[in-house]
Amino acid sequence: MVRSTANGDAVFCRDLVKTYGKGDTRVVALNGVNLDVHPGELLMLVGPSGCGKTTLLCVVAGILNRDSGQCSVFGRDFRSMGRRERSRYRGENIGFVFQSFNLIPTLSAAENVAIPLILNGVARREALRRADALLEKVGLGRRQRDLPSRLSGGQQQRVAIARAMIHNPRLIVCDEPTSALDHETGHHVMELLREVAVGPDRALVIVTHDARIFGFADRIAQMDDGRIVRVVNSPAEMSS
Ligand SMILES: Nc1ncnc2c1ncn2[C@@H]1O[C@H](COP(=O)(O)OP(=O)(O)OP(=O)(O)O)[C@@H](O)[C@H]1O
Ligand SMILES: [Mg+2]
């Protein structure tokens, strides 16, 4: 198990900087991000296209390295870990729903969902049994054996969400998790995510443009041009 920080944050970012490319093609995607996500919190992250939301999720989840600044998840900094420890920590503690789903095309829906469990040492049969049950919960009870190419965008998105939560990670980060879902399905998926991810030693960070799900947030962080410019407690405060 992981230890907690002195400050006890689920996610802690200070002066976080991330650039892509060099010279003329250099892009500053994160330009001094300060953000805390508290244990038990569902934080939504909003902001215009290109402002750095996906980049921030990737740095927080240890998929991308930062250039400078501080970043830790439940008190652990990926920079302090070796490659193997890092991937083990990520595999046990973080679930990621990618904007483009990133399902493995040659694996069935259930096999995709079972991956985190198998990587964490759960026997394949048991992992598939749990994947089947979770797919049932997200309304894909009859599609477990289908390849992603046989599924609609919204169905693929639910497979990606199931994959991010199956191993009960402490932190789930979701990049536009309801973009392909109708209102009712989106609502149901949010209820499920909330149930699984929000506990005293857990947290959920969701990038979204979907105003229909803002009501699920404990706080909403607004991002612009590589920075967090404002954090509000309710959707009503966003326009004020
Ligand atoms: N791999 C990359 N190489 C170079 N530049 C990149 C790369 N990924 C992102 N960028 C640039 O970094 C900036 C932030 O991109 P990012 O994908 O984080 O934005 P975003 O807020 O998630 O946008 P969207 O809402 O469209 O998904 C953009 O200017 C983008 O062009
Ligand atoms: Mg993005």
Side-chain angles (χ1 to χ4, degrees), residues 10-37 41-73 77-79 83 86-87 90 94-103 148 153-154 156-161 163-165 169 171-183 186 189-190 193 197 203-214 216-217 219-232 235 238-239:
V11 176
F12 174 82
C13 301
R14 282 292 173 279
D15 305 319
L16 199 58
V17 173
K18 169 71 191 171
T19 56
Y20 294 106
K22 288 197 177 93
D24 288 351
T25 60
R26 186 167 178 265
V27 175
V28 182
L30 302 181
N31 193 13
V33 168
N34 294 315
L35 180 68
D36 304 325
V37 183
E41 186 171 49
L42 192 165
L43 183 120
M44 284 190 191
L45 187 60
V46 300
S49 181
C51 74
K53 303 180 298 295
T54 297
T55 305
L56 179 56
L57 290 189
C58 289
V59 172
V60 165
I63 291 167
L64 286 175
N65 290 319
R66 62 192 187 260
D67 296 2
S68 61
Q70 291 172 262
C71 183
S72 60
V73 172
D77 179 349
F78 286 112
R79 270 207 179 155
R83 215 159 54 103
R86 188 179 171 135
S87 70
R90 213 172 43 212
I94 297 179
F96 203 122
V97 180
F98 293 91
Q99 198 166 9
S100 49
F101 315 150
N102 288 14
L103 299 178
Q156 290 181 41
Q157 190 158 39
R158 279 177 281 162
V159 174
I161 291 166
R163 183 180 58 184
M165 60 200 271
L171 175 68
I172 299 184
V173 295
C174 305
D175 207 346
E176 301 276 4
T178 58
S179 60
L181 304 181
D182 60 77
H183 179 66
V189 158
M190 283 305 304
L193 277 169
L204 185 52
V205 180
I206 296 182
V207 165
T208 190
H209 288 109
D210 186 355
R212 299 172 307 179
I213 65 167
F214 284 165
F216 284 94
R219 289 187 302 154
I220 302 173
Q222 290 176 271
M223 199 169 174
D224 199 10
D225 219 4
R227 287 201 176 93
I228 303 292
V229 290
R230 195 163 174 230
V231 182
V232 297
M238 285 210 301
S239 48

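For ligands, and for the atoms within them, numbers begin at 1 and follow the listed sequence.
- For V33 against M223, the heavy-atom pair with the smallest separation is CG2-CE, 4.1 Å.
- For atom 17 (O) of ligand 1, the nearest protein heavy atom (residue, atom name, distance) is T54 CB, 3.8 Å.
- The side-chain heavy atoms of R163 and F98, taken from C-beta on, include a pair separated by under 4.5 Å.
- Test Q157, K53, Q99, H209 against E176 for side chain to side chain donor-acceptor pair (under 3.5 Å) and you get one pass: H209.
- For the pair L56 and I228, the minimum side-chain heavy-atom distance is below 4.5 Å.
- For atom 2 (C) of ligand 1, the closest non-hydrogen atom of the protein is Y20 CD2, 3.5 Å.
- With hydrogens left out, the protein atom closest to atom 25 (O) of ligand 1 is K53 NZ, 2.7 Å, a heavy atom.
- In summary, the atoms of ligand 1 found under 4.0 Å from a heavy atom of V27, numbered by their order in the structure, are 11 (C), 12 (O), 29 (O).
- L204 has its side chain out of reach of L43: every pair of non-hydrogen atoms, C-beta onward, lies at least 4.5 Å apart.
- Of the N or O atoms in G47, none lie within a sub-3.5 Å distance of an N or O in ligand 1.
- Looking from atom 13 (C) of ligand 1 to the surrounding protein, the closest heavy atom is G50 O, 3.6 Å.
- Look at C51 and you'll find a heavy atom under 4.0 Å from some atom of ligand 1.
- N102 is not listed as a side-chain neighbour of Q156, based on a closest heavy-atom distance of 4.5 Å or more.
- Taking backbone and side chain together, S49 holds no N, O or S atom under 2.8 Å from the Mg ion (ligand 2).
- Protein heavy atoms are absent from the space less than 4.0 angstrom from atom 30 (C) of ligand 1.
- Of all protein heavy atoms, the one closest to atom 27 (O) of ligand 1 is Q99 NE2, 2.9 Å.
- Annotation for ligand 1: atoms under 4.0 Å from non-hydrogen atoms of H209 are 25 (O).
- You'll find the side chain of D224 reaches within 4.5 Å of the side chain of P48, heavy atoms only.
- At a threshold of 2.8 Å, the Mg ion (ligand 2) has no backbone or side-chain N, O or S atom of T55 nearer than that distance.
- Checking each of I206, V205, V207 against M44 for a side chain to side chain contact (heavy atoms under 4.5 Å, CB included) leaves exactly one that passes, namely I206.
- Of all protein heavy atoms, the one closest to atom 26 (O) of ligand 1 is S49 OG, 2.5 Å.
- Counting only heavy atoms of the protein, atom 15 (O) of ligand 1 lies nearest to T55 OG1, 3.8 Å.
- Contacts between E176 and ligand 1 below 4.0 angstrom, taking non-hydrogen atoms only, are absent altogether.
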CA sep, side-chain torsions, deciding dist, call: D77, R79, salt bridge (charged side-chain N to carboxylate O under 4.0 Å, His left out)
CA-CA 5 Å; D77 179 349; R79 270 207 179 155; 5.8 Å; no
Please evaluate residues L57 and F96 with respect to the criterion side chain to side chain contact (heavy atoms under 4.5 Å, CB included), reporting the C-alpha separation (whole Å), side-chain torsions for both, the decisive distance (0.1 Å), and the verdict.
CA-CA 9 Å; L57 290 189; F96 203 122; 3.9 Å; yes
Set out, in order, the CA-CA distance, both residues' side-chain angles and the distance that settles side chain to side chain contact (heavy atoms under 4.5 Å, CB included) for D225 and N31, then state yes or no.
CA-CA 7 Å; D225 219 4; N31 193 13; over 6 Å; no
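- Here the Mg ion (ligand 2) is the vertex; the OG1 atom in T54 and the OE1 atom in Q99 give an angle of 80° (to 10°).
- Neither the backbone nor the side chain of M223 has a heavy atom within less than 4.0 Å of ligand 1.
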